[in-house]
Amino acid sequence: MLLTLLSCALCAPLSAVMRRDVWVPTITSPTSDSTWTVGGSFLVTWDTSSKPAQVTNPNGEIYLRLGDETQSSPIASGFALTDGQIEVTIPTGTTPDEYRVVLFGDSGNWSDQFPIDAAT
């Protein structure tokens with residue numbers, strides 16, 4: 001009987017998780033053809049056409065990713081994923097290199113790699 005109760009307890013949370021949606025909107029900008037500069041403001045855009053009826057976590061955050069590491073502080077947060085765009089400013093302490101933009105919210109996805117150049 002204990003085994004039956006334990007198996008039921010484990011199944012309940014699993015079934016709730018299985019009902020969750022996962023929405024991974026494609027980032028449409030920046031692309032590999034984009035070039036951003038430190039200190040500049042730029043528009044990050046993503047495709048909202050495949051949005052599910054209910055978005056589990058509708059609040060978005062944007063991070064920069066360099067190599068295998070995503071930066072610990074977002075460059076934008078508190079916006080609705082359904083907006084499809086947000087303007088971000090590249091922090092002045094950003095080292096020029098090849099980056100990706102990471103969009104977190106309901107799920108996480110990356111942009112193409114693109115350069116961020118030194119301020120001119």
Side-chain angles (χ1 to χ4, degrees):
M1 180 154 154
L2 180 60
L3 198 53
T4 302
L5 288 173
L6 183 58
S7 67
C8 288
L10 292 175
C11 290
L14 182 59
S15 65
V17 169
M18 291 173 63
R19 286 192 306 261
R20 293 181 72 184
D21 60 73
V22 176
W23 179 37
V24 185
T26 302
I27 296 175
T28 55
S29 178
T31 67
S32 58
D33 294 329
S34 302
T35 300
W36 290 5
T37 54
V38 173
S41 294
F42 304 92
L43 195 62
V44 176
T45 62
W46 55 95
D47 181 10
T48 61
S49 65
S50 64
K51 178 181 79 70
Q54 178 182 350
V55 179
T56 302
N57 181 5
N59 300 314
E61 293 184 317
I62 301 280
Y63 292 82
L64 289 176
R65 183 174 179 87
L66 177 60
D68 293 334
E69 294 189 23
T70 300
Q71 292 183 345
S72 60
S73 298
I75 56 173
S77 62
F79 57 88
L81 284 176
T82 55
D83 288 349
Q85 65 179 23
I86 187 77
E87 186 173 295
V88 299
T89 300
I90 304 305
T92 56
T94 303
T95 303
D97 210 324
E98 296 286 321
Y99 286 84
R100 294 180 190 272
V101 164
V102 182
L103 173 63
F104 281 113
D106 196 50
S107 182
N109 56 326
W110 305 347
S111 70
D112 293 338
Q113 193 169 0
F114 66 97
I116 296 180
D117 294 341
T120 54

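What you see below is based on every heavy atom in this structure, not just the backbone, and it leaves out hydrogens, waters and symmetry mates.
- No side-chain N or O of Thr48 forms a donor-acceptor pair with one of Thr82 less than 3.5 Å apart.
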Legend entry - From CA spacing to verdict: side-chain contact (heavy atoms from CB on, under 4.5 Å), Val44, Leu103: CA-CA 9 Å; Val44 176; Leu103 173 63; over 6 Å; no

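- Using modelled atom types, one side-chain atom of Thr28 and one backbone atom of Thr45 make a donor-acceptor pair closer than 3.5 Å.
- Minimum heavy-atom separation, Ser111 to Pro30: CB-O, 3.7 Å.
- Counting heavy atoms from C-beta on, the side chains of Thr89 and Ser41 come closer than 4.5 Å.
- How far OG of Ser34 is from OH of Tyr99: 15.5 Å, rounded to the nearest 0.5 Å.
- If you take CD on Gln113 and CG on Leu66, they are separated by 8.5 Å, rounding to the nearest 0.5 Å.
- Counting only N and O atoms by type, the side chains of Thr70 and Arg65 include a donor and acceptor under 3.5 Å apart.
- At distances below 3.5 Å, not a single donor-acceptor pair connects side-chain atoms of Trp23 with backbone N or O atoms of Gly105.
- Separating the CH2 atom in Trp46 from the OG1 atom in Thr26 is a distance of 12.5 Å, to the nearest 0.5 Å.
- Between Glu61 and Phe79 the shortest heavy-atom distance is N-CZ, 3.6 Å.
- Side chains of Ser49 and Asp47: a donor on one and an acceptor on the other come within 3.5 Å.
- Taking CD1 of Ile27 as the start and CD1 of Ile62 as the end, the distance is 6.0 Å to the nearest 0.5 Å.
- The aromatic rings of Phe104 and Tyr63 stand perpendicular to each other, their planes meeting at an angle above 60°, with 30° marking the opposite boundary.
- Side chain of Asn57 to main chain of Asn59: a donor-acceptor pair is present (N/O by atom type, distance under 3.5 Å, no hydrogens or angles).
- At least one side-chain heavy atom of Ile116 sits under 4.5 Å from a side-chain heavy atom of Val38.
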Inset, instruction - Could you give me the CA-CA distance, side-chain angles and deciding distance for Trp36 and Val101, then say whether side-chain contact (heavy atoms from CB on, under 4.5 Å) is met? - result: CA-CA 11 Å; Trp36 290 5; Val101 164; 4.0 Å; yes

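- Taking CG of Asp117 as the start and OG1 of Thr35 as the end, the distance is 6.0 Å to the nearest 0.5 Å.
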